[in-house]
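Written out below as structure tokens is the structure these notes cover.
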Amino acid sequence: MKQIYLDHGATTPVDKKVLASMLPYFSEKYGNAMSLHEFGNEANKALEKARKSAADFFGADKEEIIFTSGATESNNLVVKGVLRAYYDNIRSNLPKISSNLRVPHIITTAFEHHCVLDACKAAQKENLAEVTFIKPNKEGIIFTEDVKKAIKPNTILVSVMYVNNEIGTVQPIAEIGKLIKNYNSKLPITNYKLLFHTDATQAINYFNCNVNKLGVDLLSMSAHKIYGPKGVGALYIRKGTAIKQVMDGGGQEGGKRAGTHNVPGIVGLGTAISMINDQGTKNKKNEILKLRNYLIDKILKEIPKTRLNGSKIKRSPNNANFSFQNVEGESLLIMLDAEGIAASTGSACSSGSLSPSHVLLSLGMKAEEAHGSLRLTLGKNTTKKEIEYTISKLKNIIEKLRKVSGNVLGDYYQAKK
Ligand code: PMP
């Protein structure tokens, strides 16, 4: 039986064109991009070509793109690097900077990916920052007005994800960008500029990521969500942004990210990102949206006591996330897997832990509801046949699980209380 892959939110297969572009950089063109000889030049040229592709995609300058090991690193660099720059600045410019010497303030959301959330929590624990975690509404949307209300004189960073990785909801990044631009324009010149970051990891395939349209100073992405390789990503850093490297070592990436470049990976990222706006890919987006809507409508209609988590409209075209009453997410995944269907509950990074999804809890769901969620994320090769098969199997599995779950789940939650 052919496996059906409906977990593109976790990772995507490397596109054949992407792979072909990477291959020569393993064993033939294997130079270190920093070396001062022909091998190095060759690798460096490839690196700069990839940087140009990423810069073009984001409407940025080449110098504003740095390569990292993925979105986890990009996001950590944002939170930690902005704080590091702030403290260095404060120390060296004490008399000039009017910004008071209070601990700086960061605004983020309660349903960010753990790499942002935990970096913020760590900074809070170490007394390096105070943090406000804004809650989304029940539909999984952050209100610009709530960001506005949360800004304080010592706020130095706002970080709001573009598309949520679990429920696929789309946040009003351009609107928040305008708010922050307006706020900064009224600040005295000596004040610390409020920076705006978005984690666009799940947005790149489907949404406009022009950094000027969005009004962001920092934007994170990862190659393996866009049919590129794992372990490589990028960070857009607007010129003049106060951020310091957090990894000490060589002077790679303009001193912002030490470590020998992953040349094949970066080449793959460049090819993958340059393919996103192909005409063919654009058509695929509509196909994916149609298939996904069909999936949502059919499941809601045919499986009782089911709900869609997150707004149906302000949502990434490839994401569907359901809660099935009296069904436990892990059992559902195992049974789907036995039928050859790969899906996820919560995000791939969090599964393995039995704690309920922080994303669903942030929408106001109860722990037992948050346990029974299923995320199906479509990709460019998903077919109608696969969706039909998934729906029919899902119906049977949910029925079976509900037959046994009443008692078992009841005991489980009773024991947890
Ligand atoms: N942010 C978001 C929104 C993500 O979906 C992911 C991957 N699940 C990450 C960050 C982490 O990316 P990476 O796997 O490249 O570290």
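Bear in mind the structure is a predicted one, so any value in this text is a computation, not a measurement. Both counts, for ligands and for their atoms, begin at 1 and track the order of listing.
Those atoms of ligand 1 with a heavy atom of His224 less than 4.0 angstrom away are 13 (P), 14 (O), 15 (O). Counting atoms of ligand 1 from 1 in the listed order, those under 4.0 Å from a heavy atom of Ser222 are 13 (P), 15 (O). Listed by atom number, the atoms of ligand 1 under 4.0 Å from Met161 heavy atoms are 3 (C). Near Thr72, meaning under 4.0 Å from any of its heavy atoms, are these atoms of ligand 1: 11 (C), 12 (O), 13 (P), 16 (O). Against a heavy-atom cut-off of under 4.0 Å, Gly70 is close to the following atoms of ligand 1: 15 (O). Of all atoms in ligand 1, numbered sequentially from 1 with element shown, those under 4.0 Å from a heavy atom of Ala71 are 9 (C), 10 (C), 11 (C), 12 (O), 13 (P), 15 (O), 16 (O).
How far OG1 of Thr306 is from NZ of Lys395: 11.0 Å, rounded to the nearest 0.5 Å.
Neither the backbone nor the side chain of Lys230 comes within 4.0 Å of ligand 1, counting heavy atoms alone. Residue-level proximity to ligand 1 for Glu73 is absent, since no heavy atom of it falls below 4.0 angstrom.
A salt bridge links Asp56 with Lys52: the closest approach of a Lys/Arg side-chain nitrogen to an acidic carboxylate oxygen falls below 4.0 angstrom.
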Donor-acceptor pairs under 3.5 Å, side chain of residues 103-111 to any protein atom, not counting sequence neighbours: which ones?
from   : atom 1 : to     : atom 2 : distance (Å)
His105 : ND1    : Thr155 : OG1    : 2.8
His105 : NE2    : Thr132 : OG1    : 2.6
Thr108 : OG1    : Ser159 : O      : 2.9
Thr109 : OG1    : Phe111 : N      : 3.3
Thr109 : OG1    : Glu112 : N      : 3.4
Thr109 : OG1    : Glu112 : OE2    : 2.8

Throw together a table of side-chain donor-acceptor distances under 3.5 angstrom for residues 16-34, partners on residues two or more places apart or in other chains.
from  : atom 1 : to     : atom 2 : distance (Å)
Ser21 : OG     : Val18  : O      : 2.7
Ser21 : OG     : Thr271 : OG1    : 2.7
Asn32 : OD1    : Met34  : N      : 2.9

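Note: no N/O pair closer than 3.5 Å links Ser69 and ligand 1 by distance alone.
Between the side chain of Asn184 and the backbone N or O of Leu194 there is at least one donor-acceptor pair closer than 3.5 Å. Side-chain atoms of Ser74 do not come within 3.5 Å of backbone N or O of Ser220 as any donor-acceptor pair.
When all heavy atoms of Ala71 and Thr201 are compared, the closest pair comes out as CB-OG1, 3.2 Å.
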